Amino acid sequence: MGEKIKKALGVKGDFKSTILPMMNYSYANIFMGGAGYIISMYFMVFLTDVVNLDLAKAGIVVMIATIWDAVTDPVMGILTDRTRSKYGKHRRYLLWGIPLLFVSYTLMWNSFGLDGKNNPAGTMAYFIIMYMLYKTAYTIIAVPHTAMLPELAPEYNLRTQYNSVGYIFNSAGMVPSFGIAVLILSLFNSNDTLSSEISRKPFLIIGLALSVFYCAAVFATFKTTREPSSLNAQYEPFDLKYILREYAYVFKNKSFRQYFVMTFAYYISTGFYNNTKVYYIKYLANQYSKYALFNAVAGVAEASAFPLNYALTMKYGKKKCGGIVTPLMVAGLAIGLFMQPDKGGSMSIVWFVLMMASMILYPFGMSGLGFVSNNIFPDITDVDEMITGRRREGVISTFSTLIKKSVAGVMAAMVGFTLNGFGLVTGDKVANYEKTSGMLYTQTAHAITGVRVCVAIIPIVAAVISLWLLRKFEMTKDDHALIRAAIATKKKYGSVSLTEEQIKRCEAISGQKLEHTWLGKDNSSEENHTVEMNADGEYDILVEQEILKKALENEQIEEERKMKNGTH
């Protein structure tokens, strides 16, 4: 099986030294893929239809937690970059985040009897606190985990392979999480209609079961991943000036600016769609009884795009899959522009087929931009090192996780405010009507227009902007190899000499004159140290890979010695 996996991923080397480390690193993706997926599917509708908060108040819950997230992420980024530990800079935070993850994810699906109709202020306060605690747990785990990748996988294609295995583990988190949620809701007859009367207990059980699942996944990554010790690392004095300078440097990086705006637009698109989808299926399409089926199909469609995205990336570079499959995302979103409620009769099959097409096209196309975003991020840290001369994965990963979490949170709030402004009705009024009449609550035409705006119009515009920005992203595989080789050469000899063409590429990618970067400074040595090439005429970055490999081997030898002596 190991050899088959290696062949599918195009990886050279034995299973133990290649695929196994990728799997060990990716166990935590089960949590990051699954937890967010369930939140995007159910949390807003849980707040509105089960806990009875109105849409605006539910949006405020998410927005305040998101503001808190914006505060904690930068702090976590700097902390993990400055950590001294035998486990390495990042790894131990995964262990520390597990207790808070278990408590917060369990309690954010339990209201302890609080109800937004009778006690809106208390209900809001409780869920704000619980969601803030969850966001903190996610930050403690996700920022260091993301920051580890550039160090564990320094080579361009190797990072794609790590991210590809991580993508598989994301699905390994999403699919069973969805299955657990649907199974528990069905056992309590809450699959077709969510209400405060019958849905509170199943959601508490869902939160508890998934918390155990996610904590086990994070612990597996902590236990099996190896990172070089940082006990002897030296850092600058820590003060406000240092913090401001660290984050100012990030935006001096042209490649980072391109990445930041591109992913920002992408997450606006997915954020609006994901937070509106349940209302789209329930009220705009009038097909909520098939909600579980649609989500299962969407999950399969997204996962099925992975082989194509991986093959395109490995053959043509990290931009290609986004350019090819993203138009399918736009096509899937466009169906929401003319979808009408299923009222039975001869047109029923037409609306069902259109909704199925939407559930296939959107996630299949959406996966392309998502795959690009995840694969480009580690390369941004290398451009940053070219500018600063330091490895700052934590600071850079702060923005990667911040974009994902804060935009998703803000979009949830925006969806709540927008749908509330258009007059969409949720909560017990809807549930009681459906229970007594046996029919789906009919929203006004104005409210349905609001759903259409949030599920189609805004996501289409944002997706097109993101695709346009992707086409402008400059760094290629050869550019990345040049940067890594130039950095390795300078670290080895103290200076590096580049050709005019190499200088031009470095300046285009960083957005700065080479002499203003760490790579271009102090190159006045009389010796001419050009960028080293290997036997195949490719830029040689094996030096730093061997250094990392040796450090990890020494770490493992030391742990084995302690275990043998009974001191571990």
Side-chain angles (χ1 to χ4, degrees), residues 29-50 105 109 167-194 199 202-203 205-207 209-210 213-214 267 269-306 328-329 331-333 335-336 339 341-342 351-367 370 408 411-412 415 426 440 451 454-456 459:
N29 287 72
I30 292 175
F31 152 58
M32 290 182 282
Y37 184 60
I38 295 301
I39 288 173
S40 69
M41 282 182 59
Y42 287 111
F43 193 55
M44 276 292 287
V45 75
F46 169 75
L47 293 177
T48 58
D49 289 24
V50 179
Y105 202 79
W109 298 103
Y167 189 86
I168 294 171
F169 276 79
N170 274 336
S171 298
M174 293 164 59
V175 174
S177 296
F178 175 67
I180 289 169
V182 170
L183 175 62
I184 294 173
L185 288 173
S186 64
L187 290 175
F188 287 85
N189 299 316
S190 295
N191 246 342
D192 293 335
T193 301
L194 298 178
S199 300
F203 272 109
I205 297 172
I206 288 170
L210 293 180
F213 181 41
Y214 300 145
Y267 284 112
S269 179
T270 58
F272 262 92
Y273 178 86
N274 289 336
N275 285 289
T276 313
K277 184 169 70 171
V278 62
Y279 306 112
Y280 172 39
I281 294 173
K282 187 171 185 178
Y283 298 119
L284 176 54
N286 193 19
Q287 299 184 49
Y288 187 70
S289 62
K290 306 176 184 71
Y291 185 63
L293 171 64
F294 289 144
N295 279 288
V297 169
V300 171
E302 183 178 353
S304 67
F306 162 71
L328 297 178
M329 172 187 179
L333 291 169
I335 291 175
M339 176 64 69
D342 179 6
W351 301 126
F352 173 74
V353 170
L354 280 175
M355 182 56 73
M356 287 293 284
S358 175
M359 293 297 110
I360 293 170
L361 291 173
Y362 167 78
F364 191 97
M366 175 270 296
S367 70
M411 292 311 102
V415 165
T426 59
L440 192 69
V451 175
C454 292
V455 85

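Note that the coordinates shown come from a computational prediction; the quantities given were computed from them, not determined experimentally.
- Between the S358 side chain and the G332 main chain, a donor and an acceptor come within less than 3.5 Å of each other.
- The aromatic rings of Y214 and Y105 stand perpendicular to each other, their planes meeting at an angle above 60°, with 30° marking the opposite boundary.
- Taken to the nearest 0.5 Å, the OH atom of Y288 stands 9.0 Å off from the CD1 atom of I281.
- In this structure, A209 and I180 approach most closely via the heavy-atom pair CB-CG2, 4.3 Å.
- The CG atom of D49 lies 6.0 Å from the OH atom of Y279; values are rounded to the nearest 0.5 Å.
- Listed by first then second residue, pairs satisfying side chain to side chain donor-acceptor pair (under 3.5 Å) with a partner in residues 30-41 number zero, not counting sequence neighbours.
- Separation of atoms CG (L284) and SG (C454) is listed at 11.5 Å; rounding is to 0.5 Å.
- Note that CE of M41 and CZ of F178 are 4.5 Å apart. Values are rounded to the nearest 0.5 Å.
- Scanning all heavy atoms of the two residues, the minimum distance from Y280 to G336 falls at OH-CA, 3.5 Å.
- Taking the side chain as every heavy atom from C-beta outward, V455 and F272 never approach each other to under 4.5 Å.
- Two rings, from F294 and Y291, have their centers 6.0 Å or more apart.
- Taken from CZ in F188 to CD1 in I206, the straight-line distance is 9.0 Å, to the nearest 0.5 Å.
- Evaluation of the side chain to side chain contact (heavy atoms under 4.5 Å, CB included) rule for I360 yields V297, A301 as partners, not counting sequence neighbours.
- The aromatic ring centres of W109 and F43 sit less than 6.0 Å apart.
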Self-check item: Evaluation steps, side chain to side chain contact (heavy atoms under 4.5 Å, CB included), between S177 and F213
Solution: CA-CA 9 Å; S177 296; F213 181 41; 4.0 Å; yes

Quiz item: Could you walk me through whether M339 and L354 pass the side chain to side chain contact (heavy atoms under 4.5 Å, CB included) check?
Solution: CA-CA 8 Å; M339 176 64 69; L354 280 175; 3.7 Å; yes

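- Between P459 and S269 the shortest heavy-atom distance is O-OG, 2.8 Å.
- Note that CD1 of I205 is 10.0 Å distant from CG of L185, once rounded to the nearest 0.5 Å.
- Shown here are the ring-ring contact (aromatic ring centres under 6.0 Å, His included) partners of Y273, two or more places apart in sequence or in another chain: Y362.
- Contact of the S304 side chain with the F364 side chain is registered, since non-hydrogen atoms from C-beta on lie closer than 4.5 Å.
- Residues N295 and K277 form a side-chain contact, since some pair of their non-hydrogen atoms from C-beta on lies under 4.5 Å apart.
- Pairing each heavy atom of M366 with each of M329, the nearest pair is N-CB, 3.5 Å.
- Minimum heavy-atom separation, A181 to Y42: CB-CE1, 4.1 Å.
- A donor-acceptor pair under 3.5 Å links the side-chain atoms of N286 to the main chain of D342, judged by distance alone.
- Closest heavy-atom contact between M174 and G33: CG-O, 3.4 Å.
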Quiz prompt | Evaluation steps, side chain to side chain contact (heavy atoms under 4.5 Å, CB included), between L293 and F352 | solution = CA-CA 11 Å; L293 171 64; F352 173 74; 4.2 Å; yes

